[in-house]
Trainee: 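Let me begin by handing over the structure; questions about it come next.
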There are 2 protein chains.
Amino acid sequence: MTESLDQAPERISEAEHAIMEVLWARHPLAAAEVCEDVCGARGWSMPTVKTLLARLVAKGAVATEPDGRRFLYTPVLEREAYLGGESRRMVERLFGGRPAALFAQLADAEALNNDDIAEIERLLRELRS
Amino acid sequence: MTESLDQAPERISEAEHAIMEVLWARHPLAAAEVCEDVCGARGWSMPTVKTLLARLVAKGAVATEPDGRRFLYTPVLEREAYLGGESRRMVERLFGGRPAALFAQLADAEALNNDDIAEIERLLRELRS
DNA sequence: TTTCGCCGTTTACAGCTGTAGTCAGATCGA
DNA sequence: TCGATCTGACTACAGCTGTAAACGGCGAAA
């Protein structure tokens with residue numbers, strides 16, 4: 001397996017993830033614009049957003065590009081990679097790496113509605129081909 | 001129903017979860033026995049296990065029963081409930097509550113092997129009936 | 001009865017996380 | 001030119017987490 005010379009996984013916290021979602025949806029953005037998108041929903045203030053952005057930059061998950069006197073922020077870490085990594089980590093930690101066990105759990109907890117089931121079936125058919 | 005032990009979900013950390021897994025597998029156990037099961041694998045020492053057990057008791061996830069001069073520990077929180085809750089939380093947080101998106105992600109990351117797929121198909125057939 | 005060892009409890013402490021205040025420098029408008 | 005702003009940087013701080021040492025009581029062995 002790829003022992004990745006790349007960057008260490010560098011965990012992203014939940015608050016940081018909220019910032020990433022904003023940037024994944026639209027970028028590059030200035031700090032103030034990120035705040036517009038997220039401060040209301042989470043009850044944060046500008047300083048909070050700035051701190052989180054700075055931490056993300058320090059972790060290499062977000063890049064900056066100067067724009068006059070301010071910075072524009074762009075995600076470096078890709079959404080797919082992040083979600084994939086988190087999902088696998090979770091399946092690993094909670095279900096011993098067996099995705100089927102996760103599926104069984106969700107089914108058991110009735111967390112799957114008919115649409116979910118239909119879509120998962122479609123995905124499986126696709127995988128098979 | 002029973003009076004709310006579950007009003008507040010009372011998050012369980014990863015280290016605490018390792019302890020819970022030991023107790024779910026076998027209980028009741030004394031602290032020393034828990035350590036036997038987990039100290040080697042995680043490189044922990046007795047004090048660490050004791051701290052984690054104490055925190056779990058404080059959170060109401062584990063109950064104690066006196067056994068001579070020591071305590072025996074038994075899980076109160078059930079494994080199914082814990083896994084279900086964690087799974088749903090994760091699907092909520094990362095995939096906007098759409099389990100199918102999680103599966104698409106796992107499929108995309110090639111985290112599903114043939115056995116997983118076969119088992120999920122079997123579960124789907126079961127659900128259908 | 002005195003001491004030793006085991007057990008749970010208390011205390012410790014550094015790193016991460018959530019949340020935010022303050023500050024110094026750049027810049028735009030007057 | 002000079003202050004009002006805006007921006008990122010630095011600082012702060014409490015709570016949670018991982019990890020563990022120190023303490024104090026109680027029963028067993030001597």
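Below, chains carry the letters A, B, ... as their sequence lines are ordered, and counting in each starts from 1. FYI, side chains are in, hydrogens and waters are out, and symmetry mates aren't considered; it's all heavy atoms of this structure.
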Trainee: In whole Å, I'd like the distance from the CZ atom of A/Arg11 to the P atom of C/dG18.
Mentor: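 Between P of C/dG18 and CZ of A/Arg11: 11 Å.
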Trainee: Find which nucleotide of DNA chain C each of A/Arg42 and A/Gly68 is nearest to by heavy atoms, and output the residue with the more 5' nucleotide.
Mentor: A/Arg42
Trainee: Check whether any side-chain heavy atom of A/Val34 lies under 4.5 Å from a side-chain heavy atom of A/Leu52, and answer yes or no.
Mentor: no
Trainee: Looking at A/Arg122 and A/Glu119, is there a salt bridge between them, counting it only when a charged N and a carboxylate O are closer than 4.0 Å?
Mentor: yes
Trainee: Before accepting this row, confirm whether a basic side-chain N of the pair B/Arg125/B/Glu121 lies closer than 4.0 Å to the acidic partner's carboxylate O.
Mentor: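 No, this pair does not count.
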Trainee: Has A/Asp67 got more than 12 heavy atoms of other residues, nucleotides or ligands less than 6.0 Å from its CG?
Mentor: yes
Trainee: Grab the CZ-P distance between A/Phe71 and C/dG25 for me, whole Å please.
Mentor: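 Answer to the nearest Å: 16 Å.
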Trainee: Could you tell me whether A/Arg89 and A/Glu92 have a side-chain N and a carboxylate O separated by less than 4.0 Å?
Mentor: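 Result for this pair is no, no salt bridge flagged.
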Trainee: C/dC7 C1' sits how many Å from B/Glu65 CD, rounded?
Mentor: 16 Å
Trainee: Ignoring backbone atoms, test whether A/Lys59 places a side-chain nitrogen or oxygen under 4.0 Å from the OP1 or OP2 oxygen of C/dC16.
Mentor: no
Trainee: CG of B/Leu52 versus P of D/dT19: gap in Å, rounded?
Mentor: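 Going from CG in B/Leu52 over to P in D/dT19 covers 8 Å.
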Trainee: Heavy atoms within less than 4.0 Å of DNA chain D: which residues of residues 13-41 of chain B have one? Give them sorted by number.
Mentor: B/Ser13, B/Glu14, B/Ala15
Trainee: In a check of side chain to side chain contact (heavy atoms under 4.5 Å, CB included) between B/Phe103 and each of A/Asp116, A/Leu106, A/Leu127, which one passes?
Mentor: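 Result: among A/Asp116, A/Leu106, A/Leu127, A/Leu106 is the only option passing the side chain to side chain contact (heavy atoms under 4.5 Å, CB included) with B/Phe103.
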Trainee: Using a cutoff of under 3.5 Å, can you pull out all pairs of nitrogen or oxygen atoms linking the protein to nucleotides 20-22 of chain C, with atom names and distances?
Mentor:
unit_1	atom_1	unit_2	atom_2	d
C/dA20	OP2	A/Ser45	N	3.3
C/dA20	OP2	A/Thr48	OG1	2.9
C/dA20	N7	A/Thr51	OG1	3.4
C/dA20	N6	A/Thr51	OG1	2.5

Trainee: What is the distance from CZ of B/Arg69 to C1' of D/dA29, rounded to the nearest Å?
Mentor: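 Distance, rounded to whole Å: 11 Å.
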Trainee: Should the pair A/Tyr82 and A/His17 be assigned to parallel (<30°), tilted (30 to 60°) or perpendicular (>60°) ring geometry?
Mentor: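 If you compare the ring of A/Tyr82 with that of A/His17, the planes turn out tilted.
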Trainee: From CD1 of B/Ile12 over to P of D/dC16, roughly how many Å is that when rounded to an integer?
Mentor: 15 Å
Trainee: Rounding to an integer number of Å, can you tell me how far A/Met46 CE sits from C/dG18 C1'?
Mentor: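 Between C1' of C/dG18 and CE of A/Met46: 17 Å.
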Trainee: Give the rounded distance in Å between these two atoms: CG of A/Leu53 and C1' of D/dG8.
Mentor: 10 Å
Trainee: Given A/Glu16, which of A/Arg11, A/Lys59, A/Arg42, A/Arg55 fulfils the salt bridge (Lys or Arg N to Asp or Glu O under 4.0 Å) condition?
Mentor: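 In the set A/Arg11, A/Lys59, A/Arg42, A/Arg55, the residue that makes a salt bridge (Lys or Arg N to Asp or Glu O under 4.0 Å) with A/Glu16 is A/Lys59.
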Trainee: Flag yes if A/Ile19 and A/Leu72 sit in one hydrophobic cluster, no otherwise; membership is Ile, Leu, Val, Met, Phe, Trp, Tyr, and two members link when side-chain heavy atoms are under 4.5 Å apart.
Mentor: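 Different hydrophobic clusters.
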